[in-house]
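Let me begin by presenting the structure, written as structure tokens, before commenting on it.
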Amino acid sequence: MHLVADERKWFKEIFDEHHDYIRNYLYYLSGDPDLSDDLVQDTFLKLWEIREKVKQESVLPFLFTIARHLYFKSHRRKAVHLKFFSNWEEPAKEVSAEYVLEMKEFDHKLQQALSQLPEKTRIAFLLSRMDEMSYSEIATSFGLSIKAIEKHISKAKKILREQIGHNI
């Protein structure tokens, strides 16, 4: 099969523009960075395989759909818990051990509260806060209205406030 330069250029642009969003989405689903890296590659491989069928205006939602499908396919029989890795540097000498302990406890509470959010709510919240995606971008990726995304994020903030008692 002879590859057309335009197809390669289109694919590279799509890959460069959406790779991080899809990888982060998979990470938010799985909590596993290695699995996320593998599945994001599989997602883009699948996109390449069916590139002729993909409409330009629906690429991002389509990528999210492929990624979600691949994630659930890989974990049909496993219970998955959302885990995040906290990169704690050695505390500065002026920071007390008590402060470091409080921060670790807060981080643990936050991660536990996030893992208990409903899936769409958690992912919408993290895409908004961590990836700084607009509500419009999130709505497009989920195939939902902006109002629905606002409700998901509002719900997440309310639940997190109740569980950890901080302004999120």
Side-chain angles (χ1 to χ4, degrees), residues 16-40 42-44 57-168:
D16 290 345
E17 186 174 345
H18 300 300
H19 176 272
D20 290 343
Y21 286 144
I22 301 302
R23 190 217 175 268
N24 290 345
Y25 171 76
L26 289 162
Y27 177 68
Y28 300 151
L29 278 173
S30 68
D32 183 338
D34 294 328
L35 178 63
S36 302
D37 288 338
D38 291 342
L39 291 177
V40 76
D42 292 344
T43 299
F44 281 98
E57 63 273 3
S58 63
V59 169
L60 185 58
F62 190 65
L63 285 170
F64 277 102
T65 301
I66 294 170
R68 180 181 168 88
H69 174 74
L70 289 172
Y71 167 74
F72 284 116
K73 184 178 176 185
S74 74
H75 278 81
R76 287 205 200 288
R77 302 192 197 291
K78 292 181 185 178
V80 178
H81 299 282
L82 180 65
K83 296 177 185 177
F84 288 91
F85 295 96
S86 299
N87 295 324
W88 294 98
E89 296 179 16
E90 279 295 313
K93 289 186 177 23
E94 64 270 2
V95 175
S96 70
E98 183 179 332
Y99 175 78
V100 171
L101 182 60
E102 286 175 11
M103 290 303 296
K104 286 184 179 181
E105 286 175 13
F106 174 78
D107 182 61
H108 178 73
K109 284 182 187 177
L110 177 61
Q111 303 312 325
Q112 188 173 21
L114 284 169
S115 70
Q116 293 174 3
L117 290 173
E119 181 183 314
K120 278 189 178 179
T121 302
R122 177 182 66 241
I123 293 169
F125 178 78
L126 291 172
L127 287 172
S128 169
R129 294 301 192 264
M130 301 297 287
D131 290 341
E132 299 176 358
M133 285 178 73
S134 71
Y135 287 11
S136 175
E137 291 172 319
I138 298 168
T140 300
S141 69
F142 275 41
L144 298 173
S145 70
I146 293 173
K147 199 61 148 169
I149 297 303
E150 289 173 355
K151 287 181 182 180
H152 278 293
I153 293 173
S154 186
K155 178 181 180 179
K157 290 179 357 184
K158 180 182 180 210
I159 292 169
L160 292 174
R161 266 190 236 109
E162 289 170 357
Q163 291 200 7
I164 60 177
H166 282 75
N167 194 12
I168 301 297

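Everything quoted here is computed from the prediction, not taken from an experiment.
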Query raised in the report: With sequence neighbours excluded, what pairs up with Asp42 under the side chain to side chain donor-acceptor pair (under 3.5 Å) test?
Result: none
Query raised in the report: For Thr121, what residues pass the side chain to side chain donor-acceptor pair (under 3.5 Å) criterion, not counting sequence neighbours?
Result: His152
Query raised in the report: Got Tyr27 and Leu126 here, is their nearest side-chain heavy-atom distance under 4.5 Å?
Result: no
Query - Sequence-distant partners of Asp37, salt bridge (charged side-chain N to carboxylate O under 4.0 Å, His left out), two or more places apart - result: Arg23
Report task. Could you grab the distance from atom CG of Leu70 to atom CG of Leu29, nearest 0.5 Å is fine? Result -> 11.5 Å
Report summary line: Contacts of Tyr21 meeting ring pair (Phe, Tyr, Trp, His ring centres under 6.0 Å) (sequence neighbours excluded), chain-then-number -> none
Query raised in the report: How long is the span from the NZ atom in Lys151 to the CD1 atom in Ile149, to the nearest 0.5 Å?
Result: 11.5 Å
Query - side chain to side chain contact (heavy atoms under 4.5 Å, CB included) partners for Ser134, two or more places apart - result: Ser136, Glu137
**Report entry** Pairs where residues 58-69 contributes a residue and the test salt bridge (Lys or Arg N to Asp or Glu O under 4.0 Å) is met, not counting sequence neighbours
**Finding:** Arg68-Glu119
Query raised in the report: Roughly how far apart are Tyr28 OH and Ser115 OG, rounded to 0.5 Å?
Result: 15.0 Å
Query raised in the report: What pairs with Glu17 under salt bridge (charged side-chain N to carboxylate O under 4.0 Å, His left out), at least two apart in sequence or on another chain?
Result: none
Report summary line: side chain to side chain contact (heavy atoms under 4.5 Å, CB included) filter on Ala67, not counting sequence neighbours, yields Ile22, Tyr25, Leu26, Thr43
Query raised in the report: Where do Phe64 and Leu127 come nearest, in terms of heavy atoms and distance?
Result: CE2-CD1, 4.5 Å
Report task. Can you measure from CZ (Arg122) to CD1 (Ile159) and round to the nearest 0.5 angstrom? Result -> 11.5 Å
Report task. Output all residues satisfying salt bridge (charged side-chain N to carboxylate O under 4.0 Å, His left out) with Asp34, sequence neighbours left out; order by chain, then residue number. Result -> none
Query raised in the report: If you round to the nearest 0.5 Å, how far is CD1 of Ile123 from CE of Met133?
Result: 11.5 Å
Query raised in the report: Hey, are the side chains of Lys157 and Arg129 touching, using non-hydrogen atoms and a 4.5 Å cut-off?
Result: yes
Listed pairs under 3.5 Å, donor-acceptor, residues 141-148 side chains, sequence neighbours left out:
| unit_1 | atom_1 | unit_2 | atom_2 | d |
| --- | --- | --- | --- | --- |
| Ser141 | OG | Ile138 | O | 2.8 |
| Ser145 | OG | Ala148 | N | 3.0 |

